[in-house]
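Worksheet for the structure shown next.
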Amino acid sequence: MNASELQLSPDAFRPNPQWDVSRLWWKSLYYESDNGEFTEARFIYHLRRRPLYHLVNTLFPVSVLSVVNLFVFLLPSSDGEKITFSCGLLLAYSVWLVTISAHLPVDSRRIPLIGVYVVVVMVLSGLYIVVTVWVIHVSCLPDKDAVPAWLQRSVLRLRRCCRPRVSNHVEKVSSVQLTWQEVSRAMDLLAFAVFLSVNVLVVALMSAYLAVQRGSEPVPNVQP
C-alpha cells in the first residue's frame with residue numbers, strides 16, 4: 001500500500017455565512033491485491049464557526065445586561081424597585097438562553113462556551129436577587145435595635161477605603177452610631193464591587209480560554 005498526503009488551500013470553497021474552512025487535507029491511498037489495484041481518496045476538513053453572529057446577537061447583549069444588572073446595588077433600598085429590576089433581567093437571561101439553545105447543536109458531551117457563559121450570568125443574577133433581598137431586610141430593621149459594634153467597625157473601614165480623606169477619628173465607634181439604612185447602603189456598595197470583580201474575572205477567563213483553544217487547534221488524523 002502506498003500513500004501520498006497533501007495539504008490544500010481552502011480558498012477554492014465558496015464562502016459560507018456560518019462556517020469557515022480553516023484547514024483541508026487530501027490523502028490518496030493505493031491498494032494492491034489479487035483483484036487488482038484500488039485507489040482511495042480522503043478529504044479531511046477542519047471547520048470553524050464564524051463568531052461574528054453570536055458575538056453581536058448573543059455575547060454583546062448578555063454582557064450589557066450583566067453590567068446593567070450590577071446597578072441594582074446602586075438603587076436605594078427604599079425605592080421598592082430593586083427586586084423587580086433584578087427579576088426582569090433574570091427573565092431576559094432565560095429568554096436569551098432559550099434563543100441560544102435553538103441555534104446550537106444538541107450535544108451533552110461538550111457544552112458550547114456561549115451556553116456556559118449565559119448560565120454563569122444567570123447564576124450571578126440569581127445571587128443578585130438573594131443579596132438584594134438580604135439588603136432590603138437589613139434596611140427595614142427597626143432603629144431601636146442597635147447595630148453591633150463589629151458591624152459598625154466593618155462599615156467604617158469600608159467607608160475609609162472608599163473615601164480615604166475621612167479623618168481617623170471615625171475609627172471610634174462610640175462616637176459614631178450607624179443606622180441600619182447606612183449599613184444596608186454599605187452592603188450595596190460592597191456587593192457592587194465584589195460582583196463587578198466577578199464579572200471581569202469571568203470575561204477574562206473566557207478570553208484566555210478562547211485564546212488557548214485557538215492556539216492549540218488539533219490536527220486532523222489522516223492515518224488510514
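Since the structure is predicted, the reported quantities are computational estimates derived from the model, not experimental observations.
The main-chain N or O of Gln181 is found under 3.5 Å from a side-chain atom of Ser184 such that the two form a donor-acceptor pair. Remark: the backbone N or O of Met122 is not paired with any side-chain donor or acceptor of Ser125 at under 3.5 angstrom. With hydrogens and angles disregarded, no donor-acceptor distance shorter than 3.5 Å links the side chain of Lys82 to the backbone of Thr132.
Side-chain heavy atoms closer than 4.5 Å link hydrophobic residues (I, L, V, M, F, W, Y) into clusters, and following such links, possibly through other members, connects Phe71 to Val203. Cluster membership check: Tyr209 shares its hydrophobic cluster with Val198, using side-chain heavy-atom separations under 4.5 Å among Ile, Leu, Val, Met, Phe, Trp and Tyr. Leu59 and Val95 are members of different hydrophobic clusters when ILVMFWY side chains are connected at heavy-atom separations under 4.5 Å. Met187 and Val130 fall into different hydrophobic clusters, where Ile, Leu, Val, Met, Phe, Trp and Tyr are joined by side-chain heavy atoms under 4.5 Å apart, directly or via other members. Residues Leu196 and Val135 fall within the same hydrophobic cluster, defined by Ile, Leu, Val, Met, Phe, Trp and Tyr side chains chained together at heavy-atom separations under 4.5 Å.
Taken from CG in Asn199 to CG in Asn69, the straight-line distance is 8.5 Å, to the nearest 0.5 Å. Separation of atoms CG (Leu201) and CE (Met206) is listed at 12.0 Å; rounding is to 0.5 Å. Within the model, atoms CG of Leu141 and OG of Ser139 stand 7.5 Å from one another, a figure rounded to the nearest 0.5 Å. The line from OH of Tyr117 to CG of Leu205 is 12.0 Å long, rounded to the nearest 0.5 Å. Taken to the nearest 0.5 Å, the CG atom of Leu156 stands 9.5 Å off from the CG atom of Leu151.
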Criterion side chain to side chain contact (heavy atoms under 4.5 Å, CB included) on Phe85 and Val68, from CA distance to verdict | CA-CA 10 Å; Phe85 184 80; Val68 172; 3.7 Å; yes
Please test Tyr128 against Leu124 for side chain to side chain contact (heavy atoms under 4.5 Å, CB included), starting from the C-alpha separation and ending with a verdict.
-> CA-CA 6 Å; Tyr128 297 164; Leu124 290 177; 4.1 Å; yes
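The two residues Ile129 and Ser86 come nearest to each other via the heavy atoms CG1-CB, 3.5 Å. Of all non-hydrogen atoms in Trp180 and Val138, the two that sit nearest each other are CB-O, 3.3 Å. Taking both residues in full, the closest heavy atoms of Gln152 and Val147 are given as NE2-O, 3.1 Å, listed atom of the first, atom of the second, then distance. In terms of heavy-atom proximity, Asp188 sits nearest to Leu75 at OD2-O, 4.0 Å. Residues Phe192 and Leu70 share a closest heavy-atom pair of CD1-O, 3.3 Å.
For Phe195 and Phe73, the ring centers are positioned less than 6.0 Å apart.
Residues Tyr93 and Ser66 have side chains that never bring a donor and an acceptor to within less than 3.5 angstrom of each other.
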